[in-house]
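Step one of this worksheet: look at the structure below.
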Amino acid sequence: MQILDGKKTSEDIKNEIAAEVQSIKAAGGKVPHLAAVIVGNNGASLTYVGSKVKSCQQIGFDSTLVALPEDITEVDLLGKIKELNEDDNLDGYIVQLPLPKHIDEQKILLAIDPDKDVDGFHPTNFGRMALEMESFIPATPFGIMELLERYKVETAGKHTVVIGRSHIVGRPMSILMSRKGNPGDSTVTLTHSRTKNLADFTKNADIIITALGVPEFLKADMVKDGVVIIDVGITRVEDAANSKGYVIKGDVDFDGVSKKASFITPVPGGVGPMTIAMLLKNTLLARKMRSAAK
Ligand SMILES: Nc1nc2c(c(=O)[nH]1)N[C@@H](CN(C=O)c1ccc(C(=O)N[C@@H](CCC(=O)O)C(=O)O)cc1)CN2
């Protein structure tokens, strides 16, 4: 069994991007500039946005944090989005999800200029991804594809079962794994909360990508020997004995399932850190596209 080490791989990617930034600087070019919009005080979201800004600083990107109050109106948030779209100094930006309940997430994501949509959530980028055109690919699925490629995991002709149909992970993942190329060329089953007899699918899967958010849901008796496991679940479970007051749990019962797996991502330290590295990669692509367009 081999661990797909997202922590180390994400550091490798960040070092590669930092080297590219140095070349851009040496050639007198403008370094990539990422902005992150956060609405409210959700603890996990604040952590993730903080890591995004910190990573930008580490690799030499410019970054801007736009922190907005929990009770901001949809109209005012749309006004901020318009400002960011028109800011010529900015290459790309993200709006951290989830947004407060009173704001229509789809409306906000639709307002983002697709050329600055480094999260790849706008329908234009989603459509381009499905049509196998160059586009910004959502960072978590992009990170999973990168892990599969770097660890040379065979995907062609394999049966991939994706658990969860979210717009951020499950659905784009099902598209990417079925696209032509390597990784890809997989036969994909997209399962979700209404799927009956889920174990009938997982027991026959060569690759399982689970993005459910139910701690330790996938057990050893639900998978076959040699399976490749990608665990996207990150749930904070209360734990008074831990100095943070919680521990992070994935969707997979790691101790049991890892005994049968050929490759497996740990939680933490698997898919999560890749999300931030691939966002930076998308931002570098945005900068290159903007400088080529001028
Ligand atoms: N606008 C977006 N919102 C959200 C996205 C996204 O890609 N764009 N994804 C997630 C949150 N996320 C990044 O934004 C993210 C999640 C997890 C990690 C990570 O490194 N996790 C660590 C554990 C860290 C912890 O919680 O203590 C790990 O798995 O090792 C990074 C980024 C939803 N929102």
Side-chain angles (χ1 to χ4, degrees), residues 4 6 9-10 12-14 16-17 20 32 34-37 48 51-52 55-56 59 61 90-97 105-106 108-110 112-153 155-156 160 162-186 188 190 207 209-211 228 230-232 234 265 270-290 292-293:
L4 300 171
T9 308
S10 68
D12 291 346
I13 293 168
K14 285 196 251 180
E16 290 159 18
I17 299 174
E20 277 211 52
L34 173 72
V37 178
Y48 302 142
S51 300
K52 289 174 186 182
S55 297
C56 282
I59 64 169
F61 281 13
L90 204 60
D91 296 303
Y93 67 96
I94 62 109
V95 177
Q96 190 63 31
L97 301 179
E105 222 159 75
Q106 283 298 345
I108 301 302
L109 297 179
L110 262 174
I112 297 175
D113 175 352
D115 289 343
K116 288 188 173 176
D117 169 39
V118 284
D119 254 335
F121 295 161
H122 190 281
T124 296
N125 283 315
F126 203 90
R128 290 179 67 89
M129 175 188 67
L131 294 171
E132 310 191 352
M133 298 162 73
E134 187 181 55
S135 69
F136 299 117
I137 293 173
T140 301
F142 196 9
I144 293 169
M145 297 303 274
E146 192 77 14
L147 273 178
L148 293 172
E149 185 177 352
R150 290 190 183 225
Y151 280 88
K152 299 186 169 44
V153 176
T155 60
T160 295
V162 178
I163 308 177
R165 58 181 159 183
S166 75
H167 296 172
I168 298 187
V169 184
R171 200 174 297 273
M173 207 56 239
S174 69
I175 292 170
L176 289 169
M177 288 300 277
S178 65
R179 291 200 322 183
K180 289 193 241 12
N182 180 35
D185 283 330
S186 210
V188 178
L190 178 58
I207 301 169
I209 301 168
T210 164
V228 175
I230 307 290
D231 188 352
V232 190
I234 303 171
T265 58
V271 173
M274 293 297 290
T275 298
I276 293 181
M278 302 317 278
L279 170 66
L280 301 172
K281 208 160 180 167
N282 276 341
T283 307
L284 179 62
L285 174 64
R287 171 88 291 274
K288 287 179 180 171
M289 282 167 28
R290 279 162 62 78

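FYI, the numbering just counts along the sequence from 1.
Expressed to the nearest 0.5 Å, how far CD1 of Ile276 lies from OG1 of Thr140 amounts to 9.5 Å. With values rounded to the nearest 0.5 angstrom, Ile94 atom CD1 is found 9.0 Å from Thr283 atom OG1. In this structure, the separation between CD1 on Ile112 and NE2 on His122 is 8.0 Å, given to the nearest 0.5 Å. Distance CD1/Ile207 to CE/Met177: 4.0 Å, rounded to 0.5 Å. Put simply, CE on Met274 and OG1 on Thr265 are 11.0 Å apart, with the number rounded to the nearest 0.5 Å. Note that CD1 of Ile59 is 4.0 Å distant from CG of Leu280, once rounded to the nearest 0.5 Å.
No side-chain heavy atom of Tyr48 sits under 4.5 Å from any side-chain heavy atom of Leu279. Looking at heavy atoms from C-beta onward, Phe61 lies in side-chain contact with Leu284 at the 4.5 angstrom threshold. Between Ile230 and Leu148, the closest side-chain pair of non-hydrogen atoms falls below 4.5 Å. In this structure, the side chains of Arg150 and Ile13 come closer than 4.5 Å at one or more pairs of heavy atoms. With a 4.5 Å cut-off on side-chain heavy atoms, Val95 and Phe121 do not count as touching. Side-chain atoms of Arg290 and Asp115, non-hydrogen and from C-beta on, never get closer than 4.5 Å to each other. With contacts defined as side-chain heavy-atom distances shorter than 4.5 Å, the pair Asp117/Thr124 does not qualify.
Residues Asn282 and Val118 approach most closely at ND2-O, 2.9 Å, considering heavy atoms. Nearest heavy-atom pair, Leu176 versus Met145, reported as atom, atom and distance to 0.1 Å: O-CE, 3.6 Å. Residue Thr160 comes nearest to Ser186 through the heavy atom pair OG1-OG, 2.6 Å, listed as atom of the first residue, atom of the second, then distance. Minimum interatomic distance between Ala277 and Ile17 (heavy atoms only, all atoms of both residues): O-CD1, 3.9 Å. Across every non-hydrogen atom of Leu190 and Ser174, the tightest pair is CD2-OG, 3.9 Å. Between Gly270 and Pro273 the shortest heavy-atom distance is O-CD, 3.4 Å.
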Show me the donor-acceptor pairs within less than 3.5 Å that the side chains of residues 162-172 make with the rest of the protein, sequence neighbours left out.
{"from": "Ser166", "atom 1": "OG", "to": "Val169", "atom 2": "N", "distance (Å)": "3.0"}
{"from": "Ser166", "atom 1": "OG", "to": "Gly170", "atom 2": "N", "distance (Å)": "3.4"}
{"from": "His167", "atom 1": "ND1", "to": "Gln106", "atom 2": "NE2", "distance (Å)": "3.4"}

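With sequence neighbours left out, the salt bridge (Lys or Arg N to Asp or Glu O under 4.0 Å) criterion links Glu149 to no other residue.
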Evaluate Asp185 against Thr155 for side chain to side chain contact (heavy atoms under 4.5 Å, CB included), listing each step before the verdict. CA-CA 7 Å; Asp185 283 330; Thr155 60; 5.6 Å; no
Candidate pair Lys288 and Glu20, rule salt bridge (Lys or Arg N to Asp or Glu O under 4.0 Å), full reasoning: CA-CA 11 Å; Lys288 287 179 180 171; Glu20 277 211 52; 3.0 Å; yes
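For the side chain to side chain contact (heavy atoms under 4.5 Å, CB included) test with Phe136, the passing option among Met278, Met289, Met129, Lys281 is Met289; the others fail.
Screening residues 173-183 for salt bridge (Lys or Arg N to Asp or Glu O under 4.0 Å), with sequence neighbours left out, gives Glu132-Lys180.
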